[in-house]
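Side chains are part of it too, since the values below use all heavy atoms of this structure and drop only hydrogens, waters and symmetry mates. All of these numbers come straight from a predicted model, not from anything done at the bench. Below, chain A is the first sequence line, B the second, and so on; all start at residue 1.
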Amino acid sequence: MPAPTAETATHGRNPELLARTLGWASLGLGIPQLLRPDAVDRAVGVGEGAKQRAVTTFVGMRELTHAAALLASSRPSKWVWTRVAGDAVDLATLGRALKNHDGKKLGRTIAATAAVAGITAIDFYTAVRGSRGKGATVQLTGSTTIRKDPKEVYEHWRSMDKLPEFMTHVDEVVVRDDRISHWKVSAPFGQTVEWDAEIGEDVPGEKLTWSSIGDADVKNAGTVIFTPAPGDQGTELHVFITYDVPGGKLAEALARFFGEDPHQQIDDDLRRFKQVMEVGEVMRSDGAPYGKKARKEFPQRPAHPMSDKESTEVAT
Amino acid sequence: MKALVWQAPNKVSVEKVPDPRILNSRDAIVKITSTAICGSDLHLLDGYVPTMQNGDIMGHEFMGEVVEVGPGVDTSKVKVGDRVIVPFPISCGSCTQCLRGLTSTCENSNPNAGIAEKMFGHPCGGIYGYSHLTGGYAGGQAEYARVVLADVNAFKVPDSLSDEQVLFLTDIFPTGFMGADMCDIQPSDVVAVWGAGPVGQFAADSARVLGAHEVIVIDKEPYRLQLAADAGHTTIDFDTNDVRSKLLELTGGRGPDKCIDAVGMEATHGSVPIDIYDKAKQHLRSETERPHALRQAITSCRSGGIVSVVGVYGGLLDKFPAGAWMNRALTLRTGQCHVHRYVPRLLEIIEQGKIDPTRIITHRLPLDDAPNGYAIFKAKQDNCEKVVLKP
Ligand SMILES: NC(=O)c1ccc[n+]([C@@H]2O[C@H](COP(=O)([O-])OP(=O)(O)OC[C@H]3O[C@@H](n4cnc5c(N)ncnc54)[C@H](O)[C@@H]3O)[C@@H](O)[C@H]2O)c1
Ligand SMILES: [Zn+2]
Ligand SMILES: [Zn+2]
């Protein structure tokens with residue numbers, strides 16, 4: 001059973017820490033670019049003018065977005081990939097500036113290009129460290145607090161066949177007997193995987209563990225710990241899930257690139273579980289009508305009512 | 001049906017869209033009789049709130065008649081035929097935040113909580129017609145709207161009160177009231193309110209009802225200041241006065257005991273060079289907040305006082321006077337309004353005639369004219385204070 005440790009423990013050095021430092025660097029770069037675009041342009045020697053200013057302002061905006069993202073994200077390393085993409089844009093921009101350069105202050109532009117290239121190298125290193133692991137096992141952790149008593153929260157989870165209601169990838173769980181259930185799960189890139197899972201530890205209202213048995217398509221295991229939350233706030237739920245990714249971390253990184261981030265998905269699964277327990281069902285809006293079928297955050301539908309056709313598509 | 005949709009920054013238009021439908025079992029559909037344009041809508045119009053998409057229906061101040069309810073709605077609370085107002089934040093009524101009365105931070109009502117969490121560290125609740133960050137809910141500047149968890153989010157209003165008397169219970173009246181409520185007003189307090197827009201007007205009226213010794217309203221639009229003066233408040237025109245000096249003069253050198261920011265992220269500045277500088281930055285779309293009013297409220301507030309912020313901020317803020325805040329023991333309080341908890345109390349205040357919400361309405365327009373309503377409200381043309389739309 002996976003110990004309740006952070007995912008980073010398996011990665012040797014801590015890429016999260018590095019990513020956070022980059023967040024502050026972005027902030028330092030972004031603010032002068034926003035407030036004094038002309039001065040920044042002068043410093044890198046690309047001349048002044050409306051077009052340069054617009055580009056530099058855009059670069060500044062992006063840096064600020066990254067700063068906010070890196071600082072706010074609980075797992076910043078995934079955001080580093082947006083920086084790598086951003087760095088590539090900077091390099092292209094500076095490259096164009098080099099090509100069309102009028103000769104004045106050429107040295108400064110070259111120096112700026114070298115500096116950005118250096119930043120790209122660090123970003124790339126961090127991103128690779130963040131998404132490449134030694135093994136091919138993914139560990140996910142998530143927690144939420146639900147305003148129901150631990151027994152009730154436990155029982156809902158323990159029934160197993162209610163998990164598909166809020167777990168985005170779990171299409172079906174068929175309960176075979178008191179300990180064995182059969183899972184059908186959709187995997188990235190349109191695949192479906194199946195396995196039998198067996199309950200391990202089962203302490204009503206406190207703890208539940210399960211793991212795949214036999215010839216599972218994807219070997220996996222899960223633990224849920226239910227503890228009373230302070231005061232009258234109900235139950236803290238701590239979930240630990242591990243699974244072997246076919247194709248390893250690279251496949252995970254690729255899936256993430258196409259908008260499927262397993263960390264985000266476990267957070268969203270738990271939010272939906274909380275909605276089911278506290279509100280009675282998964283919340284939908286016109287912009288996000290898909291409930292647990294939502295696969296990525298953007299782009300969304302516009303926030304106006306669905307046509308009959310869209311509505312049937314969402315329902316199926 | 002027809003609805004006002006956002007298309008791009010500074011571009012809104014009335015379009016035909018499908019009628020709303022029940023998506024969750026506790027939904028209701030409301031036929032809208034009155035709806036309004038809010039200062040918060042201007043932040044969306046101007047493109048300062050991220051995650052707006054082409055086609056989003058705007059509007060979060062609406063009321064009307066319930067025409068359909070989902071199978072899960074508790075009909076002892078709300079049923080077809082009821083005349084209801086709908087608070088702009090969506091509450092689930094069952095999470096810890098909602099039960100504590102902090103309904104705008106509901107933990108369940110935002111289906112896009114993941115997006116909001118990335119922006120804010122923790123998610124905020126759902127809001128109608130207010131970007132995808134707050135849930136991607138269609139808004140109420142339309143002929144019909146879907147009301148979510150209707151048995152918690154639709155409040156029946158008495159027939160003895162007109163639409164115009166109760167419409168602002170959806171947002172700006174409770175928001176202004178909360179601005180004053182967060183000030184813990186004492187009988188000797190002088191309360192200063194930045195902004196004489198609809199929210200500032202209600203904050204000022206509420207401060208008076210909550211027993212403030214004097215209320216000072218600061219703005220630069222003469223007609224808005226006049227409206228505040230007509231309601232009995234002292235006013236300062238920040239275009240022609242140095243606000244801090246004037247406040248010292250009006251408070252015997254103490255400074256206002258409590259300060260309310262009812263301006264938010266798009267404040268303008270009285271000083272010409274700073275205003276030009278800001279307009280240039282705005283032109284380049286290179287800043288998210290212009291917190292002049294907030295900065296001034298903090299530096300003006302009497303030591304040990306409370307700065308209550310109901311003006312909206314969305315991103316990162318520059319040059320926050322942390323030294324003044326910390327060394328002078330100021331308390332900063334803020335939030336999107338927890339409308340639900342104020343509705344019953346404010347209904348009473350309206351019925352008793354202590355505050356007349358209709359005093360701020362200057363324009364009544366058909367829904368088709370909504371884009372024009374946005375234009376005059378934004379440009380402060382034609383003495384526009386508040387636009388009510390009639391679908
Ligand atoms: N917290 C909430 O729940 C909530 C709810 C509704 C509105 N709001 C926010 O409240 C704010 C005001 O809303 P409104 O409808 O009254 O908008 P509004 O745009 O009509 O009013 C803003 C007023 O502030 C004035 N102003 C600008 N710069 C100023 C400055 N430096 N000092 C003093 N006054 C200044 C403007 O002239 C204008 O009259 C907005 O930010 C809006 O988003 C918050
Ligand atoms: Zn509003
Ligand atoms: Zn709630």
| Ionic contact status for A/Asp232 with A/Arg147, cut-off 4.0 Å | yes

| task | Flag yes if more than 12 heavy atoms outside B/Lys77 fall under 6.0 Å of its NZ atom; otherwise flag no. | result | no

| field | Short N-O contact, A/Lys309 and A/Glu313, less than 4.0 angstrom | value | yes

| task | Could you look at A/Met306 and say if it's the side chain, the backbone, both or neither that has a heavy atom under 4.5 Å from chain B? | result | both

| task | Heavy-atom pairs under 4.5 Å with chain B are the metric here; pick the option from A/Glu278, A/Gln233, A/Gln300, A/Gln275 that has the most. | result | A/Gln300

| request: Would you mind checking which part of B/Asp27 comes under 4.5 Å of any heavy atom in chain A, side chain (CB onward), backbone (N, CA, C, O), both or neither? | output: neither

| message | Parallel, tilted or perpendicular: which one describes the rings of A/Phe166 and A/Phe273, with boundaries at 30° and 60°? | response | tilted

| task | Check each atom of B/Asn24 against the heavy atoms of chain A and say whether the ones under 4.5 Å are side chain, backbone, both or neither. | result | both

| task | Counting only heavy atoms closer than 4.5 Å, note whether B/Met52 contacts chain A via side chain, backbone, both or neither. | result | neither

| Does some side-chain heavy atom of A/Phe240 sit less than 4.5 Å from a side-chain heavy atom of A/Leu140? | no

| field | chain A contacts, top residue of B/Gly55, B/Ala3, B/Gly126 (heavy-atom pairs, under 4.5 Å) | value | B/Gly55

| field | Contact class of A/Asp268 relative to chain B, heavy atoms under 4.5 angstrom | value | side chain

| Region of A/Arg301 that comes under 4.5 Å of a non-hydrogen atom in chain B | backbone

| note | Of the listed B/Leu149, B/Ile90, B/Val148, the one with the largest count of heavy-atom pairs under 4.5 Å with chain A is B/Leu149

| Would a 4.5 Å heavy-atom cut-off, applied to side chains only, mark B/Thr170 and B/His60 as touching? | no

| request: Go through A/Pro302, A/Ser285, A/Ala229 and name the one with the most non-hydrogen pairs under 4.5 angstrom from chain B. | output: A/Ser285

| message | Is B/Arg146 in contact with chain A via its backbone, its side chain, both, or neither, using a 4.5 Å heavy-atom distance? | response | side chain

| Side-chain donor/acceptor of B/Gln141 to backbone N/O of B/Ala36, under 3.5 Å | yes

| NZ (B/Lys31) with more than 12 external heavy atoms under 6.0 Å | no

| task | Go through the atoms of B/Glu15 and report whether side chain, backbone, both or neither lie under 4.5 Å from a heavy atom of chain A. | result | neither

| message | Below 4.5 Å, heavy-atom pairs only: which of B/Gly93, B/Ser25, B/Pro123 has the largest tally toward chain A? | response | B/Ser25

| note | Highest number of heavy-atom pairs under 4.5 Å with chain B among A/Val282, A/Val314, A/Asp308 belongs to A/Asp308

| task | Answer yes if the side chains of B/His340 and B/Asn153 hold a donor-acceptor pair under 3.5 Å, and no otherwise. | result | yes

